[in-house]
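Chain identifiers are assigned alphabetically (A, B, ...) following the order of the sequence lines, protein sequences preceding nucleic acid strands; residue numbering begins at 1 within each chain. Bear in mind that the values here come from a model prediction, so they are computed numbers and not experimental data.
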Protein chains: 2
Amino acid sequence: MSNTIYDIARQAGVSIATVSRVFNESPNVSSKTRKKVQNVAKEMGYQPQGMAQGLARRKKNVIMAVVPLLSNYFFLQVLNGIQDAISETNFELHIYNVKSSEKPVDQLKRLLGRRWADGYLFVSIHLSDSEWKMISQFDQQMVLIDDAYSACNYFQVNNKQGARKATRYFLEHGFKRIALITAKEESIPAAKRRQGYIQTLTDWGLTPDESLIVSGDTQYRDGFNEENGYEAMQKLLEQTPNPEAVVCMSDIQAIGAISAMKEQNLSLPIIGYDDIQLAKYIGLSTMRQPMYKMGKEGTNVLLDQIGKDQPKVVQKEYIPDLILRSTSSQQN
Amino acid sequence: MSNTIYDIARQAGVSIATVSRVFNESPNVSSKTRKKVQNVAKEMGYQPQGMAQGLARRKKNVIMAVVPLLSNYFFLQVLNGIQDAISETNFELHIYNVKSSEKPVDQLKRLLGRRWADGYLFVSIHLSDSEWKMISQFDQQMVLIDDAYSACNYFQVNNKQGARKATRYFLEHGFKRIALITAKEESIPAAKRRQGYIQTLTDWGLTPDESLIVSGDTQYRDGFNEENGYEAMQKLLEQTPNPEAVVCMSDIQAIGAISAMKEQNLSLPIIGYDDIQLAKYIGLSTMRQPMYKMGKEGTNVLLDQIGKDQPKVVQKEYIPDLILRSTSSQQN
DNA sequence: GAAAATATTGAAAGCGCTTACACTTTTCAA
DNA sequence: TTGAAAAGTGTAAGCGCTTTCAATATTTTC
């Protein structure tokens, strides 16, 4: 069960070149020889080894999706899109999980240097511009999903618009003291969403109140975690008067916030962000991002570009949808 | 940024053998040469290509985790365990996602033939004995997680015991008409759980009532889906008298079942299976499986066996824990 | 200070495949 | 028939690395 092209060639009484041709569907093989080789190969359970092919061809027919901690619904949706796009080709999808214990950029450098794949999809990997620049120098085909870098292909949701939509919804429903539960300062999506929130208030003629913009102290996953939302909400509820409505940077924070409210028998209107699976079940209103779509379209662009030397850069932004469920209304 | 060992050798004024030695931490290099090579390599951003190394060494330092549709919390937990185990080594983890559109065994055959990895972790891949036999013939190191085959390493939860625990809980709390919401007949875990349920009733002196064992008609994911639970519950509620309590084969079915109950303003005690993330939030009682642990221990066994020619087979069974939350009590 | 022992290096073969090129066989028009 | 074109096949080089073995340089020993 572990034979090489030589074994097949010997058994079929042909040269290895011919065996190779059969497996590469070259037209230059007589149908008689082809049949013979195919039979022998089938019988002996032969398949070309990926490594040897990769080396000889300088092409592996592998796409690698690089994701951070495989732990959330967002990636899963994106991965489904990727998977579906790849299924239609003869590429394989390998997934690489970036650990939280080491700087992402270092892990990427190591990974890219090894050249395991023909193309890379970076899903929700957030690097600085200089880090992306460094990564681009590896000269590999790649597309960013859920992050942006001006010199790369990317598919991203417009975070600013997302926060705007949520904020505007509350404004239009008569709320004024709208709080924002935010995440780590350095997080780029967090910063953009914050901007969107502030601009919307300003556009509406209100003066943003810094004391209504809070984050919890628990910082793992850049503050996008349940405890963080809980803590943030506690801080908000210490203020008088209480805010009238809450915009959250993630569903998971919203969940934490809701439990903080419950403890005080409150239920302020709140909107999350992400539309994680849970959201539907607990009736959380939220901003939904087109995850599947980004995965699929991003992959198609990547596949399309592999092999071309100077493909043109594709960049696309999506606007998230506001999904209204029960938590956004006054008496939820 | 795309240079080979030759480039480094030339630049450093040594032979490629020496460069290779430096990268393989061979002791037979003078520290002067080592430094020189390291500097050049760093400067030129060199890293050995995985494919070439794999071919030359016949070892890739890659472990591949094979999972079916990356869509559920169970895998994610297992993957976390795997990841943590691998982090402590210099292996890389690549993940391969089995598609639902093609027979799993065929995908595995294709994958194993390519020899991308040194060892394989099959997570929740359920094959028949003859199929696993076929797969074993590839003569690759592997461990099964969440499935069993007598000739392989495996780490599994005892499905029968899981169902027993849930059923016994209800019996001990005075229920008699206990329904079982099951999945596809052919699913092995489903069959085992069913056995556990039936045996427990029998041991308790009751005669299992076939009409209380139902499944919905929606069959994707082997019936482990929300609609299936919903439909099953509807069937149960058509019967008079209604069952007194419900044991479910998965949390997701339990969720479906609960919404069916809600529609009729009922809330029978129910226990799910899996302890998905959602369960905690909706207060679903459930059977928790040691997913992280299985992932980690399974990986350690695999890593340990790689390289050995006749490693001894490791097989382990875990008993799931009953997690009591609100849905299992009378008035939830 | 020379021989022996040891440390360091390089040349070359090989891992399993692809593919350019050369060679042989078949086909077919004249 | 013949010969040129077309089709089929094999030889050999190469993909980027590891590793054995032989060669050379350095150290140690007395």
Side-chain angles (χ1 to χ4, degrees), chain A residues 1-38 40-41 44-62 90 112-118 138-139 307, chain B residues 1-38 40-41 44-62 90 112-118 138-139 307:
Chain A
M1 208 66 184
S2 184
N3 24 42
T4 71
I5 199 171
Y6 290 93
D7 302 318
I8 307 305
R10 193 178 326 112
Q11 192 67 27
V14 297
S15 74
I16 59 164
T18 299
V19 177
S20 176
R21 286 195 192 96
V22 170
F23 273 85
N24 288 289
E25 289 168 354
S26 151
N28 306 321
V29 192
S30 71
S31 58
K32 213 178 85 200
T33 335
R34 181 184 303 281
K35 265 272 161 330
K36 189 170 52 181
V37 170
Q38 282 171 337
V40 173
M44 301 180 67
Y46 171 75
Q47 259 185 90
Q49 290 193 27
M51 301 273 154
Q53 273 192 329
L55 189 56
R57 289 194 188 144
R58 266 139 297 174
K59 160 127 197 240
K60 300 100 185 166
N61 274 40
V62 171
N90 62 341
L112 287 181
R114 311 233 67 199
R115 296 192 157 47
W116 286 122
D118 303 308
F138 278 87
D139 217 26
Chain B
M1 207 67 183
S2 182
N3 25 40
T4 71
I5 199 170
Y6 289 94
D7 302 319
I8 307 305
R10 191 176 330 111
Q11 193 67 26
V14 298
S15 73
I16 60 164
T18 300
V19 178
S20 174
R21 286 193 190 96
V22 169
F23 274 85
N24 289 289
E25 287 167 357
S26 152
N28 305 322
V29 191
S30 73
S31 57
K32 214 178 84 201
T33 333
R34 181 184 304 281
K35 266 271 160 332
K36 190 171 50 179
V37 170
Q38 282 170 338
V40 173
M44 301 181 65
Y46 171 75
Q47 261 184 86
Q49 289 191 27
M51 302 271 154
Q53 272 192 328
L55 189 56
R57 288 194 185 144
R58 265 137 299 173
K59 162 133 196 236
K60 300 102 185 166
N61 274 38
V62 171
N90 62 342
L112 288 181
R114 310 232 68 199
R115 294 191 158 50
W116 287 121
D118 303 309
F138 278 88
D139 218 25

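Rounding to whole angstrom units, CG of residue Asn28(A) and C1' of dC23(C) are separated by 14 Å.
With values rounded to the nearest 0.5 angstrom, Phe23(A) atom CZ is found 12.5 Å from Thr18(A) atom OG1. One finds the OG atom of Ser31(A) at 10.0 Å from the CD atom of Gln38(A) (value rounded to the nearest 0.5 Å). One distance of note links CD1 of Ile16(B) with CD1 of Ile8(B); it measures 12.0 Å at 0.5 Å rounding.
By the 4.5 Å heavy-atom criterion applied to side chains, Val62(B) and Trp116(A) are counted as neighbours. A heavy-atom distance below 4.5 Å is found between the side chains of Ile5(B) and Tyr46(B).
In terms of the salt bridge (charged side-chain N to carboxylate O under 4.0 Å, His left out) criterion, Arg58(B) has no residue partners (sequence neighbours excluded). The salt bridge (charged side-chain N to carboxylate O under 4.0 Å, His left out) check on Arg10(A) picks up Asp7(A), with sequence neighbours excluded.
Residue Tyr6(B) is the one, among Pro48(A) and Tyr6(B), whose nearest nucleotide of DNA chain C lies closer to the 5' end (criterion: closest heavy atom).
Residues Ser15(B) and Ala9(B) approach most closely at C-CB, 3.8 Å, considering heavy atoms. Considering every non-hydrogen atom in both Asp118(B) and Lys60(B), the closest pair reads OD1-N, 2.8 Å.
Protein chain A touches strand DNA chain D; the 5'-most and 3'-most nucleotides with an atom under 4.0 angstrom of its non-hydrogen atoms are dG8(D) to dG16(D).
The stretch residues 50-57 of chain A comes close to DNA chain C through Ala52(A), Gln53(A), Ala56(A), Arg57(A), each having a heavy atom under 4.0 Å from the strand. Using a 4.0 Å cutoff on non-hydrogen atoms, the parts of residues 11-26 of chain A near DNA chain D are Val14(A), Ser15(A), Ala17(A), Thr18(A), Arg21(A), ordered by number.
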Pair up each side-chain donor or acceptor in residues 47-57 of chain A with any protein partner under 3.5 Å, not counting sequence neighbours, and list the distances.
unit_1, atom_1, unit_2, atom_2, d
Gln47(A), NE2, Lys109(B), O, 3.1
Gln53(A), OE1, Arg114(B), NH2, 2.1
Arg57(A), NH2, Asn24(A), OD1, 2.7

